[in-house]
There are 2 protein chains.
Amino acid sequence: MTQLPVPPYYAVIFTSTLATASEEYLSMASKMEKGAATISGFLGMRSARDANGFGITVSYWQTQEAIAEWKANADHLVAQKMGRSKWYEHFEIHITRVEKSYAFGKS
Amino acid sequence: MTQLPVPPYYAVIFTSTLATASEEYLSMASKMEKGAATISGFLGMRSARDANGFGITVSYWQTQEAIAEWKANADHLVAQKMGRSKWYEHFEIHITRVEKSYAFGKS
């Protein structure tokens, strides 16, 4: 995020291992990022995946209600179902409350 | 983590962009993971870095005191200094309290 919000806010940590990394998956992941951004209270999302298919995505939210709204989003529900049945070998979700944050940058 | 702890516990989200990915950096990163694991209250650590040098590391802790102990660890202080002066172009740290967590796995 270019500027960090003032705590408290919320972070959802999604760690996952892909079973298959298809074009379909990448397209859905991109669609999900755009979809999350339409929810009021969405603050940002960062994602990293290594060459072995292990990835971490963190999304930031102003309130728990915004997280609940995104969880219940129709397109997201379809993606969740596809994720379980097809794309992910394993995943973990941590819903967290940000107590403190800081940033460092050379640029 | 093979088995998720019962909340509340804590997660530190470290997102970073590497300026240079040297052997020295990789060696220090590995040393830090081993060092964190020696702290009482350390629950686990997961890390993913993509081909562009953007990475996310999440460490999990039983208490905030354990996080503070790791932050003040002598080897870790050296690594923090090197990180700022040399390795990282940019980083963000979020200290969070885990409210809820769940896992899904096919294996």
Side-chain angles (χ1 to χ4, degrees), chain A residues 1-5 7-20 43-61 63-64 67-68 71 80-81 83-107, chain B residues 1-5 7-20 43-61 63-64 67-68 71 80-81 83-107:
Chain A
M1 292 180 285
T2 48
Q3 184 149 10
L4 294 178
Y9 51 98
Y10 295 85
V12 178
I13 307 165
F14 180 72
T15 56
S16 63
T17 306
L18 284 178
T20 54
L43 299 174
M45 188 181 285
R46 305 304 298 271
S47 218
R49 189 170 299 280
D50 67 24
N52 299 320
F54 177 75
I56 303 178
T57 295
V58 185
S59 57
Y60 299 96
W61 306 86
T63 63
Q64 288 179 297
I67 296 172
K71 191 180 177 191
Q80 287 169 47
K81 199 172 172 184
R84 285 170 189 266
S85 66
K86 197 166 178 181
W87 297 319
Y88 296 118
E89 181 64 31
H90 180 266
F91 67 73
E92 285 177 15
I93 294 178
H94 286 82
I95 314 282
T96 77
R97 182 179 189 273
V98 178
E99 310 277 352
K100 199 162 54 173
S101 58
Y102 51 98
F104 164 84
K106 282 177 183 152
S107 49
Chain B
M1 292 181 284
T2 47
Q3 183 147 12
L4 293 178
Y9 52 97
Y10 295 84
V12 178
I13 307 165
F14 180 72
T15 57
S16 63
T17 305
L18 284 178
T20 54
L43 299 173
M45 188 181 285
R46 305 303 300 269
S47 219
R49 190 170 298 279
D50 67 25
N52 298 320
F54 177 75
I56 303 177
T57 296
V58 185
S59 57
Y60 299 95
W61 306 85
T63 63
Q64 287 179 297
I67 296 172
K71 191 180 179 192
Q80 288 170 48
K81 198 172 170 183
R84 285 171 189 267
S85 67
K86 198 168 177 180
W87 297 319
Y88 296 119
E89 181 65 30
H90 180 268
F91 67 74
E92 286 176 14
I93 294 177
H94 288 82
I95 315 282
T96 77
R97 182 178 189 271
V98 178
E99 311 276 353
K100 198 162 53 173
S101 58
Y102 51 98
F104 164 83
K106 280 175 187 155
S107 49

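Naming: A, B, ... by sequence-line order, numbering from 1 per chain. No experiment lies behind these values; they were computed from the predicted model shown. The figures that follow rest on heavy atoms only: side chains count, while hydrogens, waters and symmetry mates do not.
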Which residues share a side-chain hydrogen bond (donor to acceptor under 3.5 Å, both in side chains) with R97(B), sequence neighbours left out: E99(B)

Contacting moiety of [X], where chain B heavy atoms sit under 4.5 Å:
X      : value
S47(A) : backbone
R46(A) : both
I56(A) : both

Of all heavy-atom pairs between [X] and [Y], which one has the smallest distance, and what is that distance?
X       : Y       : value
A48(A)  : F54(B)  : CB-O, 3.7 Å
F104(A) : Y88(B)  : CE2-O, 3.8 Å
E92(A)  : A103(B) : CG-CB, 4.0 Å

Between D50(A), T57(A), I93(A), the one whose heavy-atom pairs under 4.5 Å with chain B are most numerous: I93(A)

Audit row: Y9(B), H94(A), side-chain contact (heavy atoms from CB on, under 4.5 Å) steps and yes/no: CA-CA 10 Å; Y9(B) 52 97; H94(A) 286 82; 2.8 Å; yes

From CD1 (I95(B)) to OH (Y102(A)), nearest 0.5 Å: 5.5 Å

OH-OG1 distance between Y60(A) and T96(B), expressed to the nearest 0.5 angstrom: 9.0 Å

Qualifying residues under salt bridge (Lys or Arg N to Asp or Glu O under 4.0 Å), relative to K71(B), sequence neighbours excluded: none

